[in-house]
Amino acid sequence: MNRRTVIRSLLPVGIASLGGCAGQSGSQETASVSDSEAGEIPIIQVDPNNPRVGTPVAFTANIEDGSSYFYFWAFGEGVTIEGRGRSTTRAFNGAGSHVVKLLVVDPDVVETHLGGDPSRADTFGDVTGKADYSSNYAQHSTVVNVEELPREQLNIETGFVNIYLRGNRRNVSADEPARLEFSASNLAGERRLVVVLLLQVPTGLAVRGTSFDEGSGQYTTRYEVGPGGTKGESIELVANESGRYRIRGRAVYYFEDAPDERTSKSTKLTLNFRQ
């Protein structure tokens, strides 16, 4: 099987030829292929699937025996190349839907139009050149949905104590657990820190796989943190059905040698479990 046949095999059924930029002239048909059209196994693999703003996202071209090809990546609606190689990484600064495009190219195209040097290309048009070569490359695209950083969180920062409680993701599928990330750091030199974490959970939501004691919808656990130490935990919450749930989190902390000098802070966290 020659390279041109392999490139054609990367295209969805019913698309004769792909490539080039929007508005490119020539007799060959041009199109942008959504990953959802390409079959059950996506051409573009994304990890993680639902990233948050600022989280590095890894993109990989899932192509069998693809080591002989060149790969070019573009992000957003334009075609400016921002990544080269079979895998690339990008962090998105804004929430919402972001288009990711991939151009898989036969080495002959790179040799003809770029003198064999893929770094000379700034846009997809620099790579593809003429429409006559469109059977020697395939273009694919997918959409990445980037979530906002959770604004609801519990932060306690003093000269001696740092305590955090925040949601890993605000929107999750109803068939998977949501996660809260908790950590407590004792910055005091010789004092032992005690932290009591309380979660008020509504009906239909349960805390799973943690050291919490449960009673009347309230989950409680106690942490002891030595001088200079840190304790952390990932807390799973499971919903019986889809819906929007409000959770109240409260942290009470004090040093073991002064149990009467207790300080507390609370927050409310929102989790959406979708169908």
Side-chain angles (χ1 to χ4, degrees), residues 10 12 18 21-22 31-63 71-104 121-124 127 138-155 164-183 205 232-239 242-247 249 267-275:
L10 301 178
L18 298 178
C21 308
S32 178
V33 180
S34 171
D35 230 28
S36 61
E37 298 176 70
E40 293 183 1
I41 301 176
I43 293 294
I44 300 174
Q45 291 184 325
V46 183
D47 184 28
N49 286 319
N50 295 103
R52 294 189 300 180
V53 171
T55 301
V57 185
F59 299 93
T60 304
N62 182 28
I63 297 173
Y71 301 85
F72 300 88
W73 301 84
F75 301 89
E77 295 301 330
V79 291
T80 301
I81 295 172
E82 298 181 42
R84 294 170 175 82
R86 191 167 185 173
S87 298
T88 190
T89 302
R90 179 185 171 91
F92 297 92
N93 294 325
S97 298
H98 296 262
V99 178
V100 178
K101 297 177 182 179
L102 166 66
L103 193 66
V104 185
D122 293 321
T123 68
F124 281 6
V127 181
Q139 182 175 320
H140 299 269
S141 68
T142 191
V143 175
V144 178
N145 295 310
V146 180
E147 297 182 354
E148 293 182 359
L149 287 171
R151 297 177 182 176
E152 301 168 312
Q153 55 188 16
L154 188 152
N155 282 359
Y164 305 101
L165 176 68
R166 56 175 65 95
N168 184 280
R169 278 166 40 197
R170 183 175 297 177
N171 298 295
V172 296
S173 299
D175 58 352
E176 63 176 320
R179 287 181 173 83
L180 303 180
E181 303 297 334
F182 174 79
S183 66
L205 201 62
E233 186 168 6
S234 181
I235 304 164
E236 290 191 350
L237 298 106
V238 182
S242 60
R244 187 169 180 265
Y245 296 85
R246 294 280 284 176
I247 302 159
T267 188
K268 290 184 178 180
L269 306 171
T270 303
L271 295 174
N272 294 317
F273 287 84
R274 302 173 298 191
Q275 287 280 1

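It should be emphasised that the depicted structure is a prediction, and the values quoted were computed from it without experimental measurement.
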Q: Going through the checks in order, is the side-chain contact (heavy atoms from CB on, under 4.5 Å) test met by S242 and R274?
A: CA-CA 5 Å; S242 60; R274 302 173 298 191; 5.8 Å; no
Q: Give the minimum heavy-atom separation between Q153 and T267, together with the two atoms involved.
A: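 That would be O-OG1, 3.5 Å.
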Q: Considering only heavy atoms from C-beta outward, does the side chain of R179 approach that of V172 to under 4.5 Å?
A: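 No, side chains not in contact.
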Q: Is any side-chain heavy atom of R90 closer than 4.5 Å to one of V57?
A: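 Result no, sub-4.5 Å side-chain heavy-atom pair not found.
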Q: Between CG of N62 and OG of S87, what distance do you get to the nearest 0.5 Å?
A: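 Between N62 CG and S87 OG, I get 10.0 Å after rounding to 0.5 Å.
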Q: What pair of heavy atoms forms the shortest contact from G83 to T88, and how long is it?
A: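 Taking every non-hydrogen atom into account, CA-OG1, 3.8 Å.
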Q: Taking the side chain from W73 and the backbone from T60, do they hold a donor-acceptor pair closer than 3.5 Å?
A: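 Side chain of W73 to backbone of T60: no pair is present.
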Q: Looking at every heavy atom in both G167 and L180, which two are closest together, and how far apart are they?
A: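 Closest pair (atom of G167, atom of L180, distance): CA-CD2, 3.8 Å.
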Q: Side-chain contact test, heavy atoms from C-beta onward, threshold under 4.5 Å: evaluate it for R244 versus T270 and give yes or no.
A: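 Touching, per the 4.5 Å side-chain cut-off.
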Q: L205 and F273: side-chain contact (heavy atoms from CB on, under 4.5 Å), yes or no, with the steps?
A: CA-CA 10 Å; L205 201 62; F273 287 84; 3.6 Å; yes
Q: Which value, rounded to the nearest 0.5 Å, describes the distance between L102 atom CG and R86 atom CZ?
A: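 Atom-to-atom, L102:CG and R86:CZ are 10.5 Å apart.
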Q: Could you pull out the closest heavy-atom pair between T142 and I44, with the gap in Å?
A: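 Heavy atoms only, the tightest pair is CG2-CG2, 3.8 Å.
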Q: Is there a side-chain contact between T89 and F59 (heavy atoms, below 4.5 Å)?
A: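 No, every pair of side-chain atoms sits at 4.5 Å or beyond.
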Q: List the steps, then state whether side-chain contact (heavy atoms from CB on, under 4.5 Å) holds for V127 with I81.
A: CA-CA 10 Å; V127 181; I81 295 172; 4.0 Å; yes
Q: Tell me, with the steps shown, if F72 and F124 meet ring-ring contact (aromatic ring centres under 6.0 Å, His included).
A: CA-CA 8 Å; F72 300 88; F124 281 6; 7.4 Å; no
Q: So do L269 and L165 actually touch side chain to side chain, heavy atoms under 4.5 Å?
A: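 Contact flag for L165/L269 side chains = yes.
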Q: Can you check whether R166 reaches N155 side chain to side chain, under 4.5 Å on heavy atoms?
A: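 Side chain of R166 against side chain of N155, heavy atoms only: contact under 4.5 Å found.
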